[in-house]
Asker: 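Below is one structure. I have some questions about it.
The model shown is predicted, which means the values in this text are computed figures rather than measured ones.
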Amino acid sequence: GTHPKTETSQRPAGDGKIIYPLGVKEITDKISNDEVVKRLKLVVKTYMDMDQDSEEEKQQYLALALHLASEFFLRNPNKDVRLLVACCLADIFRIYAPEAPYTSHDKLKEIFLFITRQLKGLEDTKSPQFNRYFYLLENLAWVKSYNICFELEDCNEIFIQLFKTLFSVINNSHNQKVQMHMLDLMSSIIMEGDGVTQELLDTILINLIPAHKNLNKQAYDLAKTLLKRTVQTIETCIASFFNQVLVMGKSSVSDLSEHVFDLIQELFAIDPLLLVSVMPQLEFKLKSNDGEERLAVVKLLAKLFGAKDSELATQNRPLWQCFLGRFNDIHVPVRLECVKFASHSLMNHPDLAKDLTDFLKVRSHDPEEAIRHDVIVTIINAGKKDLNLVNDQLLGFVRERMLDKRWRVRKEAMMGLAQLYKKYCLHHEAGKESALKISWIKDKLLHIYYQNSIDDKLLVEKIFAQNMVPHSLETEEKMKCLYYLYACLDTNAVKALNEMWKCQNMLRGLVRELLDLHKLPTSEANTSAMFGKLMTIAKNLPDPGKAQDFMKKFNQVLGEDEKLRLQLEQLISPTCSCKQAEQCVREITRKLTFPKQPTNPFLEMVKFLLERIAPVHIDSEAISALVKLLNKSVEGTADDDDEGVTPDTAIRAGLELLKVLSFTHPTAFHSAETYESLLQCLKMEDDKVAEAAIQIFRNTGQKIETELPQIRSTLIPILHQKAKRGTPHQAKQAVHCIHAIFHNKEVQLAQIFEPLSRSLNADVPEQLITPLVSLGHISMLAPDQFASPMKSIVANFIVKDLLMNDRSVGNKNGRLWTADDEVSPEVLAKVHAIKLLVRWLLGMKNNQSKSANSTLRLLSAMLVSEGDLTEQKKISKSDMSRLRLAAGSAIMKLAQEPCYHEIITPEQFQLCGLVINDECYQVRQIFAQKLHVALVKLLLPLEYMAVFALCAKDPVKERRAHARQCLLKNISVRREYIKQNPMAHEYVVPYMIHLLAHDPDLTKPQDLEQLRDVKECLWFMLEVLMTKNENNSHSFLRKMVENIKQTKDVQAPDDPKANEKLYIVCDVALFVIANKSTSCHLDSPKDPVLPSNFFTPPDKDFINDKEYLSPEAKLVLQTGKIQTGVLGAVNKPLTVAVRRPYIKTTTSDTGSNASTNSQPNSPATNKSRLLLFRISLLFFQCDVDFIQSQPSGKKRAAPASDGTENSVSSNPSAGSQPPANKPRRGRPPKNAAGVATPDKEAGATTGGGVGRGRKRAAPAQDPDSTASADPIGVKTPKQQKEAEPKRATPQRQIDLQR
């Protein structure tokens, strides 16, 4: 501070005359500027040389010091004068410190503002005066002269000016010293004062906001260093500023209020300590009610947390947790911002990935498409930077999103994973570990080919060609890539890839047919044929609506431009190489490009088509490269192990791959070297390999006979040997191969047929299977030549000798299914014998000899006897399951041939259909799959679709779900097929009603549980049919069911009980339709026509308006609940036969093996014995009316209500278990604990293969009761575990019996 002495007391003695240094004349306004400058320079030098100890001189020059602060100097217009005066004043403050000679506050303020103004001269470092300005700064900083101002009331004004001046002059031409002195000057003011005012703080902070920062980087650096240096003092001022703006909302306190978030980010980057008190305020702000405000805070914090070296998340956990909470913000932009932040965070802070994963999981299911999309981008970008940044869970979210309902999201997920796959699995950019971590990507991407949307399929094709097997690679590289990819894919991915080639091939075929039509003269028929082709092609392109228009346009261009046609011809010609294909695509695209259009959707669409039909991977060169790879694997010189597959796997997969390609690109195989290698494969041990090789010959060998005689002469003996003694699959392929590629096929097939037909011997069943397969296929392929000789083989050997005899005794372990390799040879021979019968009939395609009737009766008898045709009880449970499956499948196969479909009786149809309710899980599973495939290919008549309704009773959820999928698929296929006749698939309903009326479970039509089952079955089908009410189909359905009530059942027109069942099922159906549809009461668009082989024509005089459902029944159908007392529920199994579970008895229970029926001589048994006897004697003697001897079409009639007919003699030693009745069909409730899904691979399920069916599935037992049921040593515990479904615990027993 200044000394209180008065000015006069400091004056030298005398009259206060100003004393100038030696040689300096008086300085007044009378002299010129130059003279003033000259004299001042000497004064400056004098003061410069003085120091604080020069008491005498201080006294001497005091008057001069006061004179220099006069107006003349402080307001002098001359720059140089002002600079020299400022330098003097600075020195005076130094020399006279701590008491400045000036005591008036106003004077002091004037002086310091004057000095501050002079500091502006620092700006120009090139100026000759710069050194003086620097001296001025240095002096001020060193002496901390400005600290004198703290005494003044309005010191703030001076400091603000000073700070503003310094920040405005600093620039990149200044050296380190300038910055250092400025810092010293400013930091002393900050640190020695009583806090920093807001205005002063603003002068510092303003340099941090982006606009200023970009204008003057040096000012930013200065402010940054200043803040760092003064952090302890300035932090409280900063906190107070943010508190006012953020918490109290006083934006008027500063012009910088609107930049608070930018400032926080900058301050954080400078030193997090500057914000110690501000962070809690941000947490408060994060919970603001204003979405925009939360968004701003989230944006800010995202930068703070995400910055590269930020440790904020670890240091401030509460704030981090609060921030993470915003991932679930209600405001979409906030969530979006959080997801964007996650991207930087994953890259810069791998340690936070765990915290982020849980929140990204929820966001990957966000209702907003953009957010789900960005979650994928976030994860993929981090993964591309370094795979270790993304954990398996995060990649899992992307995998899920490949099935998103929005195309944009699915596309992003698929493309992202594809890029990761290419980077880490193809290019191995991060070693084997990483490649293994994401090896699943290839499979999952291909699985998307199963989706219905054409966009997905096209994207998979594109990804396959660019990221999985890049088409730009050289042929050998490309094929190596494909060869090992194929060997590593899972089964579903392999199927998808095969399907992809199949679809592309089909499309090529369509384009080929279209081009062929262009070669014909124009006609109406030709135009409509073209239109049909174009429509089918358009269905295989994105946005089928647009695609149709574009394809018409393309077709028009094709018609006009012959060169274009030729290019396209070449592109799809079987001999087109991949290089030529690229050339063609380029040419065609060039022709269709119109330079004036920026976007050309027409060209885009044509490109899609060209991409799908152009051979980018496979040509002759590619096939021979694949064959070379295969040879290397066979010789053991390939790098199979490096690629992560065993040589055996590589060979098998390689041949499978070639086999698939032999369907789609047969011409590419036609070379001696390819066939030589395949002949080597034929001689290999591996059966599958040889089988695939034969199939390749079959698909591609059409020219072998004419062009490659040496291959032909080696191939023929091998094929003969395989047809006689190979595996069944090889034999089938060998016969087909001979038939497909040789001109003298009759001679060749006869050379196989003769010896095989002579050597059939039922006593050696294991040697029978291959001959049966070969004979069956030969008679199917060449019926004119072999149908007659087969007849005697069928009558004498197949039926009489093989099917009618049980030579061996089966395993009695009570299992309903065993693995394929555990089936007894005799039963396998019988299964193949049944297939042979079918193939022989399918070859003949006529029923003149009535052989088909006899075969159908035989198959029905097989089903009626539950697979044990002789009923001698020699055959094991699991083998009976195999035979039931074979018989059911055989009837279904025959129904695919119209001439046999006509003669299948309703009873036989029902027997066949009921296989879908077999007690054995695998029988149900395999039969349902076969049924589905035949229906989807439109090979089976509509009534077979009704069979799926019975699946509603299946106790295994998976089977019900599968059946529903099958129905949906079938109905959509039929909708497509019969667009011109929209009501056609509704005609499945009458068949379903008839089938359910004849369901053996429906014993008491008024029983509430049985009615509920009927309703389940009806709804299972109707739900799928009624999803859309096209053309008023709901009222059509209602009318159809009402019409059935006016007819009688053709199977039993005069049996009132049978017809009552039919009408009850109709009433349940009407109840369901009315319950689920509001529009079913409208008038039906047309009158349904009922199938005459199931219903009699409506009787004009008969009006059936009776209601067959009681009010109680309707209530049960409505709610699905049956009101019963507790006791009633527990004891029910003892009195109601239909729903009694079949409880597996132990092996010691001899009674159960003696006879299926409790009365050994019951009429049914005798009848079937008689029946079988007549089959064996009179098979093919058509004058016998076989049906009469068949007990009402099926022995699997419903059990009598007293439960005696089908009961198993119970074993008194079985402890407290109730005597178990074994009805033919029925099911435990769907929620039954014992119902487990069998292990798909295991095949061997115990205790009745879970489920419901002909003999009704056994509920799985508790472990104790099953232990004794399996003979000791059948399976080791481990195998047992794999082969059996999980067992229920004992206390759930009651559930199963409810």
Asker: Given the rule in the side chain to side chain contact (heavy atoms under 4.5 Å, CB included) test, do I448 and L403 qualify, once you have shown the distances and angles that lead to the verdict?
Answerer: CA-CA 8 Å; I448 300 296; L403 299 171; 3.7 Å; yes
Asker: Indicate yes or no: at least one non-hydrogen side-chain atom of V276 is less than 4.5 angstrom from one of E235.
Answerer: yes
Asker: Return all side-chain donor-acceptor pairs below 3.5 angstrom for residues 449-456, not counting sequence neighbours, or 'none' if the list is empty.
Answerer:
unit_1	atom_1	unit_2	atom_2	d
Y449	OH	E461	OE2	2.6
Y449	OH	R612	NH2	3.3
Y450	OH	N492	O	2.9
S453	OG	D455	N	3.2
S453	OG	D456	N	3.2
S453	OG	D456	OD2	2.7
D456	OD1	R410	NE	2.9
D456	OD2	R410	NE	3.2
D456	OD2	R410	NH2	3.1

Asker: Partners of E499 by salt bridge (charged side-chain N to carboxylate O under 4.0 Å, His left out), sequence neighbours excluded?
Answerer: K502
Asker: Report the C-alpha separation of K217 and D221 in whole Å, then their side-chain angles, then the decisive distance to 0.1 Å, and conclude whether the side chain to side chain contact (heavy atoms under 4.5 Å, CB included) test is met.
Answerer: CA-CA 6 Å; K217 173 80 173 59; D221 289 335; 2.9 Å; yes
Asker: Flag the pair L282 / F261 as yes when at least one side-chain heavy-atom distance between them is below 4.5 Å, and no otherwise.
Answerer: yes
Asker: How close do L304 and Q265 get, heavy atom to heavy atom, and via which atoms?
Answerer: CD2-CA, 3.6 Å
Asker: What heavy-atom pair brings A239 and V278 nearest, and what distance separates the two atoms?
Answerer: CA-CG2, 4.1 Å
Asker: Identify the heavy atoms of L389 and L394 that sit nearest to each other, and give their distance.
Answerer: O-CD1, 4.5 Å
Asker: Between atom CD1 of I613 and atom CZ of F608, what is the distance when rounded to the nearest 0.5 Å?
Answerer: 14.0 Å
Asker: Decide side chain to side chain contact (heavy atoms under 4.5 Å, CB included) for I204 and I190; before the verdict, give the C-alpha distance in whole Å, the side-chain angles of both, and the deciding distance to 0.1 Å.
Answerer: CA-CA 11 Å; I204 306 172; I190 292 172; 3.9 Å; yes
Asker: Any side-chain donor paired with an acceptor under 3.5 Å for N600 and E604?
Answerer: no
Asker: Does R317 pair with D355 as a salt bridge, N-O distance under 4.0 Å?
Answerer: yes
Asker: Checking E293 now: which residues fulfil salt bridge (charged side-chain N to carboxylate O under 4.0 Å, His left out) with it, not counting sequence neighbours?
Answerer: K285
Asker: Return yes if a side-chain donor-acceptor contact under 3.5 Å exists between S288 and D290, otherwise no.
Answerer: no
Asker: Is any side-chain heavy atom of L312 closer than 4.5 Å to a side-chain heavy atom of M279?
Answerer: yes
Asker: Heavy atoms only: give me the nearest I170-N216 pair and the separation to one decimal.
Answerer: O-ND2, 3.3 Å
Asker: Please list every donor-acceptor pair under 3.5 Å in which a side-chain atom of residues 338-347 meets a protein atom from a residue at least two apart or in another chain.
Answerer:
none

Asker: In the structure I gave you, are the side-chain heavy atoms of L459 and M415 within less than 4.5 Å of one another anywhere?
Answerer: yes
Asker: Enter the distance from E643:CD to C481:SG here, rounded to the nearest 0.5 Å.
Answerer: 8.5 Å
Asker: Does the side-chain hydrogen bond (donor to acceptor under 3.5 Å, both in side chains) test come out yes or no for H447 and D490, once each step is laid out?
Answerer: CA-CA 10 Å; H447 292 175; D490 68 25; 3.1 Å; yes
Asker: Working to the nearest 0.5 Å, report the span between CG of L446 and CD1 of I463.
Answerer: 9.0 Å
Asker: Could you check whether the rings of F305 and F323 sit parallel, tilted or perpendicular, using 30° and 60° as the cut-offs?
Answerer: tilted
Asker: What I'd like to find out is whether the side chain of D329 reaches to under 4.5 Å of the side chain of V298, using heavy atoms alone.
Answerer: no
Asker: In this structure, are over 12 heavy atoms from other groups packed under 6.0 Å from K224 atom NZ?
Answerer: no
Asker: Not counting sequence neighbours, which residues clear ring-ring contact (aromatic ring centres under 6.0 Å, His included) with F163? List them please.
Answerer: none
Asker: If you round to the nearest 0.5 Å, how far is CZ of F359 from CZ of R326?
Answerer: 10.0 Å
Asker: Where is the tightest heavy-atom contact between L201 and C237, given as atom of each residue plus distance?
Answerer: CD2-O, 3.9 Å
Asker: Could you check K462 against Q466 for side chain to side chain contact (heavy atoms under 4.5 Å, CB included), going step by step and ending with a plain yes or no?
Answerer: CA-CA 6 Å; K462 191 172 180 176; Q466 289 177 358; 3.8 Å; yes
Asker: If you compare all heavy atoms of V390 against all heavy atoms of K437, which two are closest, and at what distance to 0.1 Å?
Answerer: O-NZ, 2.7 Å
Asker: Please determine whether a side-chain nitrogen of the Lys or Arg among R408 and E369 lies less than 4.0 Å from a carboxylate oxygen of the Asp or Glu.
Answerer: yes
Asker: Among residues at least two apart in sequence or on other chains, which ones pass side-chain hydrogen bond (donor to acceptor under 3.5 Å, both in side chains) with E400?
Answerer: H365
Asker: Is atom NZ of K422 surrounded by more than 12 heavy atoms (other residues, nucleotides or ligands) closer than 6.0 Å?
Answerer: yes
Asker: Measuring from R372:CZ to R335:CZ, what's the distance to the nearest 0.5 Å?
Answerer: 10.5 Å
Asker: Report yes or no: is the cationic atom of K553 (NZ for Lys, CZ for Arg) closer than 6.0 Å to the six-membered ring centre of F602, at no more than 45° off its axis?
Answerer: yes
Asker: A quick test of your reading: do over 12 heavy atoms of other residues, nucleotides or ligands sit less than 6.0 Å from CG of D309?
Answerer: no
Asker: What's the separation between atom CD1 in I371 and atom NE2 in H373, rounded to the nearest 0.5 Å?
Answerer: 12.5 Å
Asker: Apply ring pair (Phe, Tyr, Trp, His ring centres under 6.0 Å) to H212 and F167, showing your working.
Answerer: CA-CA 11 Å; H212 285 258; F167 281 120; over 10 Å; no
Asker: Closer than 4.0 angstrom, basic N to acidic O: yes or no for R363 and D366?
Answerer: yes
